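Single-structure report; data block below.
The shown structure was predicted, so the numbers you read here are calculated from the model rather than taken from an experiment.
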Amino acid sequence: HVQLVESGGGSVQAGGSLRLSCGASGYLHTCVAWFRQAPGKMREAVATLNTNSGRTDYANSVKGRFTISQDTAKNTVYLQMNTLKPEDTDMYYCAAIAPTRPGWTECPLQQAAYNTWGQGTQVTVS
């Protein structure tokens with residue numbers, strides 16, 4: 001099973017930027033996604049990336065502000081977050097679908113589709 005390790009969270013003022021990193025052991029699976037969750041709330045998808053086709057999908061709330069990307073050589077997926085708002089404050093999780101799905105051209109936004117998770121990294125916007 002792939003292991004995922006997130007980093008890059010922290011505290012930032014509204015309007016600022018952060019870049020989250022998700023390092024994968026071995027290789028990047030076809031579908032990698034970022035989710036976020038606040039205490040007492042459902043975990044929601046922020047962005048998905050198909051590492052084969054390059055297709056990306058975003059939650060409406062982050063479109064135009066967040067960008068998901070990959071560095072295949074480093075087995076790492078990034079989430080660049082710009083123009084951060086207080087409502088972006090959450091624990092952010094990286095997730096993947098294992099085993100990898102080489103025939104897929106897009107990736108689901110549903111949490112239930114993902115079976116491999118990192119430990120999370122906190123983002124606080126004030």
query = Got a second to check how far T121's OG1 is from Q119's CD, nearest 0.5 Å?
reply = 7.0 Å

inquiry  = Ignoring hydrogens, what is the shortest heavy-atom contact between L20 and G9? Give both atom names and the distance.
reply    = CD2-N, 3.5 Å

ask   = At their closest point, which heavy atom of A45 faces which heavy atom of A59, and how far apart are they?
value = O-CB, 3.4 Å

query = V123 and D90: side-chain contact (heavy atoms from CB on, under 4.5 Å), yes or no, with the steps?
reply = CA-CA 6 Å; V123 171; D90 271 323; 6.0 Å; no

inquiry  = I want to check a possible cation-pi pair here: R36 against Y93, using under 6.0 Å from ring centre and within 45° of the ring axis as the test.
reply    = no

query = Rounded to the nearest 0.5 Å, what separation is found between the CE atom of M91 and the CD atom of Q122?
reply = 5.0 Å

ask   = Between T72 and T51, does a side-chain contact (heavy atoms from CB on, under 4.5 Å) hold up when you go through it step by step?
value = CA-CA 8 Å; T72 306; T51 60; over 6 Å; no

key: Side-chain heavy atoms of F66 within contact of N82, under 4.5 Å   = no

task = Would you check if T56 and T48 make a side-chain contact, meaning some heavy-atom pair closer than 4.5 Å?
result = no

Going by atom type alone, with no hydrogens or angles, which donor-acceptor pairs under 3.5 Å involve a side-chain atom of residues 97-108 and a protein atom two or more places apart or on another chain?
from	atom 1	to	atom 2	distance (Å)
T100	OG1	T30	N	2.8
T100	OG1	T30	OG1	2.8
R101	NH1	P99	O	2.5

ask   = Under 4.5 Å between side-chain heavy atoms, hopping through other hydrophobics if needed: is there a path connecting L79 to L109?
value = no

task = Tell me, yes or no, whether the heavy-atom count around E87 atom CD, taken from other residues, nucleotides or ligands under 6.0 Å, exceeds 12.
result = yes

query = Can you tell me how far the CG atom of N75 sits from the OG atom of S25, to the nearest 0.5 Å?
reply = 8.5 Å

query = CG/D88 to OG1/T124 distance, rounded to the nearest 0.5 angstrom?
reply = 11.0 Å

request  = Look at the side chain of Y58 and the backbone N and O of I68, then say whether any donor-acceptor pair between them is shorter than 3.5 Å.
outcome  = yes

inquiry  = Grouping I, L, V, M, F, W and Y whenever their side-chain heavy atoms are under 4.5 Å apart, do Y114 and V62 come out in a common cluster?
reply    = no

Hydrophobic cluster membership, V46 vs Y78, 4.5 Å side-chain cutoff = no

request  = Indicate yes or no: at least one non-hydrogen side-chain atom of M81 is less than 4.5 angstrom from one of S17.
outcome  = no

task = Assess the pair W117 and F35: is the distance between their ring centroids shorter than 6.0 Å?
result = yes

Residues forming a salt bridge (Lys or Arg N to Asp or Glu O under 4.0 Å) with R19, sequence neighbours excluded = none

key: side-chain hydrogen bond (donor to acceptor under 3.5 Å, both in side chains) between T76 and D71, intermediate numbers included   = CA-CA 5 Å; T76 299; D71 184 331; over 6 Å; no

task = Mind checking the CH2-CD spacing from W34 to E44? Nearest 0.5 Å is all I need.
result = 14.5 Å

task = Under the side-chain contact (heavy atoms from CB on, under 4.5 Å) rule, what do L49 and Q70 come out as? Steps first, then yes or no, please.
result = CA-CA 8 Å; L49 168 66; Q70 62 178 312; 3.7 Å; yes

ask   = How long is the span from the CG atom in L4 to the CD atom in E6, to the nearest 0.5 Å?
value = 7.0 Å

